[in-house]
Amino acid sequence: MPNEASINALPKAYDFGDVEHRWYREWTEKGLFTARFDPGRPYFSMVIPPPNVTGVLHIGHALNNTLQDILVRYKRMDGYNTIWVPGTDHAGIATQIVVERRMNSEGRSRHDFGREKFIQKVWEWKESSGGRIIEQLKGLGCSCDWSRERFTMDEGLSRAVKEVFVRLYEEGLIYRGNYIINWCPRCHTALADIEVEHKQTEGQLWYIRYPLAEETRQDTEFITVATTRPETMLGDTAVAVHPEDPRYKNLVGRDLMLPLLNRRIPVVADAAVEPEFGTGAVKVTPAHDLNDFEIAKRQGLQSINIFDENATLNESASQYAGLDRYEARKRVIIDLKKQGLLEKEEAYDLAVGVCYRCKTVVEPRLSKQWFVKAAPLAEPALKAVKDKRTILVPASWERTYDEWMTTIRDWCISRQIWWGHRIPAWTCLSCGEVIVSREEPKACPKCGNTALEQESDVLDTWFSSAIWPFSTLGWPDKTPELKTFYPTSVLITSFDILFFWVARMMMMGLHFMGDVPFRHVYLHALIRDIEGKKMSKSKGNVIDPLTIMEKYGTDAVRFTLAAFAAQGRDIKLAEERIEGYRHFVNKIWNAARFVLLNLKTSQGALAEPAEPESFHDPSERWILSRLSQVTGTVRKALDEFDFDVAAKELYQFFWHEYCDWYLELAKPALTGDETDRQDAARWVTLTVFDHSLRLFHPFIPFVTEELWQHLPGQRDHIMVSPFPKQIDSWTDVAAEDIIKQVMEVVSSIRNARSELGIHPGAKIIVMALAHSDKAYDFLNSQKKAINTLVGIKTLDLMSKEELRPEGAATIILEDIEIFIPLEGFVDIDEELRKLTKEEDKLNKEIIKTEAKLKNEHFLSRAPQEIVQKEFDKINKFQIKLEKIVSHKETLQAILRS
RNA sequence: GGGCGGGUAGCUCAGCGGGAGAGCAUCGGCCUUACAAGCCGGGGGUCACAGGUUCAAACCCUGUUCCGCCUACCA
């Protein structure tokens, strides 16, 4: 891009269309995203939360990755060795469902293909349609090191997964066993506890009579049990009561006849039974309920599995076999009613578990699965956060993290699907020995038999995600990446996967790397619609980032997300917000046009004046002072993950200080013919603009790069230019005070003009009376500036002796009075009304302040500077009040005459 | 049942001990040669309610109430 500083190069409005692609391509081609390994520099590293390979960019991804990109761009500009490792997740269940669905639409199932062929089909799908989200992340501007992109199923990561599994098994931290797990009848697989969502549902509690077996009946005919799932009675193997419950004490040990199936089941005593609930007697279905399973273990009861993988009743349910679970429920109730065994039916709310992928109601089911022992891994992970080796931001999540880590249960990691990391375990068909190994074993090490069968289950996708921070850096090899960039600096993710992912990475990172996987974890909020509801396709309230990026530009979307990313609060997003920030991007664009127009130059960089502070105008010293402060604020905010603070500070500064005031103040100097003044103004105008662009760049990379390239001087790329630093020598309190006062005078004149209904273009005369030498000097030196900003004919300074003009609108400031003489224009009654209003307000303030100052406690206990402030305040009020009263008298005199 | 967060301008939210703020919306006036996707100006709030601590409370404490979310094996 040539450095032609010509406004002709910039159209009137920002058209982001080709700009975004052009710069992204150039950044990539020049390898600017590639990790840096310069010795002697600090490092900054992140791994991306890998999106599902089936995924499409949604607004949550857009937020998550915008925040990451802001940080990494900031750190890269600030001189760090940066790496941002991207990649995707193989998403076992989700991906398998996608591919199966395609097959189903062709009337085939995965079983028609068989395991190997099916997996091949998934890979084919992945190559052709998967990873679309990667392209979308590029569209978002993400500066990931794409040369290091990983996939959880790629060769290296698969090797890491195998290594982790084998080591954990050898250490006794992975085991296999028969337990109750959550079974999804739709996905045909086990799920981990946290993969089950609980949905509050209106259900019923059915009270069923279980008759005592005939020969054991004595005083009692039956026991009534209460259940929300009557169909599971078909798998009952006992009824349990509390051992101390007097109602049932004499029944323990007797037999019941299980209705409908007429099977004998015993009454057992178990302390887990809550006598207060229901009837105090519980039906025990060990194969389909966790509690019942525990009771059965203690009481030595058998388990009867009554469901198949679809949650359809199997042959154990005899006459009910082949029925779906809900169909079976209806039939069971009808049949019980017929036999007079249904005592009553109550409405009852309960939380049913559903699969987090497909929302199907899960079925607790006894089966043989692989588990990770959680407690030994959780303990160091818990401690690392307590010791602040990993800092959670916002810190309020620590409590939740602690809670989860201390109540954590073993993690079921086996899944009965095909797409995923197949568990590296083999069973000897001859002696039953289980062999876990990195390589496929040739023969059983115990009996030597060569007939071995590999475990058909695959691992939970989160198992491979848990090692992402080091597997992506090359583990188990000792790579330079691993050495340079682990532990990663920050993980940015959404709080809803704190348990699924963050906690498990903590466990695995500490266990295998001996150090935490990240120094900071920044947990951002969820994006909701404007009513605070979760966005979902079914509700139709989704904001699609791709659509709005196309409509408003990527920069506008990014800036909006950053500006709304306040810690600890959900983001309610509406499209209008994005539109607002598009206007802002356009404002920057137009400011650039102005700046370039006034540089009127195709020359090289502007030289910095020898001693800027010595001859600059107050407006110039003021804007440089503000720039320096803002730079400090932005840096601090980014360092503390206050993205919204940084974005809003920049917005406010650029628009409402630089554009609204500084550029307006600079116009006369820029367009005038005093060379010195012009040079100074040009230098300041350009310097502040240049610094602003760089401060903005992490937020809005495209427009800033485009504009920066138009600025004069030799230019590389803004994304690798230094991030501005606070310059203390630019701080200038005196200049800030002057400009603050200019603003006050200007605003008050504009206000009066507007309220008087005077056309803004009318070249009126304004007179000003100073009540102090300081005020006089101020007016004298700044009258040109005031003139420029208000657009008046002249600002005349009055001497104290002069009479106040009659029939003039009057503005009373602290030690300045301003008159707009407009005979006939001024409504004296209206003026009096306004003055009285202001008088009342002042009186109220004075009374309030006086009360404070009369309070001995206040005088003795409040800090000295606060007391002084109150004295100053009342002083100021009184001076102003005097003038108001005096002016009122003048007006009243006019009215009387 | 337990935990967390929140009720501040019409809307979305900052502020979290010392004179109530922003953006958007709204109303009025301006095509002022960077920008009408703009400029200038205005109106609008017992900071959920009730107590308490303090010289001083939107801000700290207690209680009440309403709204979110997370968590939980009472069948």
Side-chain angles (χ1 to χ4, degrees), chain A residues 7 10 12-14 180 194 198 205 225-229 232 240 272-274 276-285 289-294 348 350-351 353 364 394 396-397 399-400 403-404 407 495-496 498-499 525-526 528 530 532-534 552 556 563-564 566 568-574 576-577 579-598 644-645 648 651-652 656 659-660 663-664 667 671 746-747 750-755 757-761 789-791 845 848-849 852 855-863 865-867 869-870 873:
Chain A
I7 194 158
L10 294 184
K12 200 167 168 180
Y14 174 46
I180 295 277
I194 58 172
H198 295 272
L205 202 52
V225 298
T227 180
T228 54
R229 306 177 58 215
T232 61
V273 179
E274 194 65 61
E276 267 71 54
F277 188 86
T279 60
V282 186
K283 57 192 272 315
V284 181
T285 322
D289 184 282
L290 182 58
N291 286 318
D292 295 1
F293 175 72
E294 300 291 339
Y348 184 75
L350 72 160
S396 51
W397 286 106
R399 207 175 162 140
T400 312
E403 169 75 14
W404 194 73
T407 58
F495 68 79
D496 55 342
L498 180 61
F499 304 143
L526 240 44
R528 298 173 186 281
I530 203 66
K533 297 203 179 88
K534 222 167 168 171
Y552 301 107
F564 278 80
R569 201 189 250 266
D570 284 342
I571 301 172
K572 290 187 201 171
L573 193 66
E576 298 87 79
R577 313 259 166 258
E579 196 181 357
Y581 285 108
R582 176 184 59 163
H583 295 176
F584 177 58
V585 171
N586 195 52
K587 181 78 182 177
I588 299 174
W589 182 264
N590 275 291
R593 297 176 72 227
F594 176 81
V595 170
L596 293 176
L597 177 74
N598 284 289
D644 59 321
V645 172
K648 284 172 177 162
Y651 179 99
Q652 169 68 24
H656 298 305
C659 290
D660 286 355
L663 290 184
E664 294 302 326
K667 274 179 182 173
T671 56
V746 168
S747 296
R750 283 171 175 170
N751 176 1
R753 182 175 58 190
S754 170
E755 296 205 334
I758 299 169
H759 192 280
L789 290 168
V790 191
E845 288 293 328
K848 225 167 93 181
T849 314
K852 262 189 195 173
N855 186 337
E856 281 174 35
H857 292 293
F858 175 71
L859 295 175
S860 60
R861 291 185 204 177
E865 64 268 25
I866 296 294
V867 176
K869 221 170 138 186
E870 292 297 310
K873 210 160 89 181

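Excluded from the calculations below are hydrogen atoms, water molecules and symmetry mates; all remaining heavy atoms, backbone and side chain alike, are included.
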Just how far, in rounded Å, is C1' of C30(B) from CD of Glu664(A)? 14 Å
Quantified in whole Å, what is the P atom distance between nucleotide U46(B) and nucleotide C73(B)? 46 Å
Ala226(A) and Leu205(A): which non-hydrogen atoms are nearest, and at how many Å? CB-CG, 4.0 Å
Quiz question: going by heavy-atom distance under 3.5 Å, is there a donor-acceptor pair between the base of A56(B) and the side chain of Glu870(A)? no
When you measure from the side-chain N and O atoms of Lys852(A) to the phosphate of A56(B), is any distance below 4.0 Å, counting only OP1 and OP2? no
Closest approach of Phe564(A) to Arg577(A) (non-hydrogen atoms, all atoms of both residues): CZ-CD, 3.0 Å
Between C1' of A34(B) and CG of Leu596(A), the distance in whole Å: 10 Å
Nucleotide N/O of nucleotides 5-9 of chain B paired with protein N/O under 3.5 Å:
residue: G6(B); atom: O3'; partner: Arg569(A); partner atom: NH2; Å: 3.2

To the nearest angstrom, how far is Ile571(A) atom CD1 from C69(B) atom C1'? 15 Å
Would you mind reading off the distance between Tyr651(A) atom OH and A14(B) atom P, rounded to a whole angstrom? 17 Å
Around atom NZ of Lys873(A), are there more than 12 heavy atoms of other residues, nucleotides or ligands at under 6.0 Å? yes
For U53(B) versus C70(B), give the span between their C1' atoms, rounded off to a whole number of Å. 33 Å
G23(B) P sits how many Å from Leu573(A) CG, rounded? 19 Å
Look at the side-chain N and O atoms of Arg577(A) and state whether any lies under 4.0 Å from the OP1 or OP2 oxygen of U12(B). no
Sequence neighbours excluded, which residues qualify as salt bridge (Lys or Arg N to Asp or Glu O under 4.0 Å) partners of Glu755(A)? Lys834(A)
Under 3.5 Å, N/O pairs linking protein and nucleotides 37-41 of chain B:
residue: A37(B); atom: O4'; partner: His583(A); partner atom: NE2; Å: 3.1
residue: A37(B); atom: O2'; partner: Asn586(A); partner atom: ND2; Å: 3.3
residue: G38(B); atom: OP1; partner: His583(A); partner atom: ND1; Å: 3.1
residue: G38(B); atom: O3'; partner: Lys587(A); partner atom: NZ; Å: 3.2
residue: C39(B); atom: OP1; partner: Lys587(A); partner atom: NZ; Å: 2.8
residue: C39(B); atom: OP1; partner: Trp655(A); partner atom: NE1; Å: 2.6
residue: C40(B); atom: O3'; partner: Arg750(A); partner atom: NH1; Å: 3.4
residue: G41(B); atom: O2'; partner: Ser754(A); partner atom: OG; Å: 3.4

Roughly how many Å apart are C69(B) and A9(B), using the P atom of each and rounding to a whole number? 22 Å
Across all chains, not counting sequence neighbours, the side-chain contact (heavy atoms from CB on, under 4.5 Å) partners of Leu290(A) are Ile180(A), Glu294(A), Arg409(A)
Calculate the interatomic distance between Leu597(A) atom CG and U33(B) atom C1'; express it in whole Å. 9 Å
Kindly give the heavy-atom pair with the smallest separation between Val790(A) and Val746(A), and that separation in Å. CG2-CG1, 3.8 Å
Tell me, do Tyr552(A) and Val585(A) make a side-chain contact under 4.5 Å, heavy atoms counted? no
Would you indicate what Tyr581(A) reaches in the nucleic acid, counting non-hydrogen atoms under 4.0 angstrom: base, sugar-phosphate, or nothing? nothing
Side-chain contact, heavy-atom cut-off 4.5 Å: Lys869(A) with Pro863(A)? no
Sorted by chain and residue number, the ring pair (Phe, Tyr, Trp, His ring centres under 6.0 Å) partners of Tyr651(A) (sequence neighbours excluded) come out as Tyr581(A), Phe584(A), Trp655(A)
Give the minimum heavy-atom separation between Phe495(A) and Leu526(A), together with the two atoms involved. CE2-N, 3.8 Å
Which pair of non-hydrogen atoms, one from Thr285(A) and one from Lys283(A), has the smallest distance, and what is that distance? OG1-NZ, 3.0 Å
From NZ of Lys667(A) over to P of U33(B), roughly how many Å is that when rounded to an integer? 8 Å
Please confirm whether the backbone N or O of Pro760(A) pairs with a side-chain atom of Arg750(A), one donor and one acceptor, at under 3.5 Å? no
If we take the C1' atom in both A25(B) and C11(B), what is their distance in whole Å? 7 Å
Distance between C1' atoms of G44(B) and G5(B) (Å, rounded): 29 Å
Got a list of protein N/O to nucleotides 44-47 of chain B N/O distances below 3.5 Å?
none

Using the test salt bridge (Lys or Arg N to Asp or Glu O under 4.0 Å), find all partners of Lys667(A) that sit at least two apart in sequence or belong to another chain. Glu664(A)
Within the 4.0 Å heavy-atom criterion, would you say Pro364(A) contacts the bases, only the backbone, or no part of the nucleic acid? nothing
When rounded to the nearest Å, what value does the distance between P atoms of A58(B) and G21(B) take? 14 Å
Could you run through nucleotides 70-75 of chain B and give me one letter per nucleotide, 5' to 3': B if any protein heavy atom sits under 4.0 Å from the base, S if only the sugar-phosphate is that close, - if neither? --BBBB
How far does the C1' atom of G41(B) sit from the matching atom of C47(B), given to the nearest Å? 27 Å
P gap between C31(B) and C39(B), integer Å: 16 Å
Reading RNA chain B from 5' onward, which residue's closest nucleotide shows up sooner: Lys848(A) or Leu859(A)? Lys848(A)
Under 4.0 Å, heavy atoms only, any strand: does Glu865(A) hit a base, just the sugar-phosphate, or nothing? nothing
Considering residues at least two apart in sequence or located in another chain, which fulfil the side-chain contact (heavy atoms from CB on, under 4.5 Å) criterion with Glu403(A)? Thr407(A)
Set of ring pair (Phe, Tyr, Trp, His ring centres under 6.0 Å) partners for Phe293(A), sequence neighbours left out: none
Pairing of RNA chain B as dot-bracket, 5' to 3': ( ) intra-strand, [ ] crossing, | other strand, . unpaired, with Watson-Crick or G-U pairs under 3.5 Å? ((((((((.[[[[.)..(..]]]].(((((.......))))).....[[[[[..)....]]]]])))))))....
How many whole angstroms separate atom CZ of Phe594(A) from atom P of C35(B)? 10 Å
Using every non-hydrogen atom in the two residues, find where Ala351(A) and His198(A) come nearest and quote the distance to one decimal. CB-CB, 4.2 Å
Applying salt bridge (Lys or Arg N to Asp or Glu O under 4.0 Å), name anything that partners Lys852(A), two or more places apart in sequence or on another chain. Glu870(A)
Taking the side chain as every heavy atom from C-beta outward, state whether Tyr14(A) and Asn590(A) have any pair of such atoms under 4.5 Å apart. no
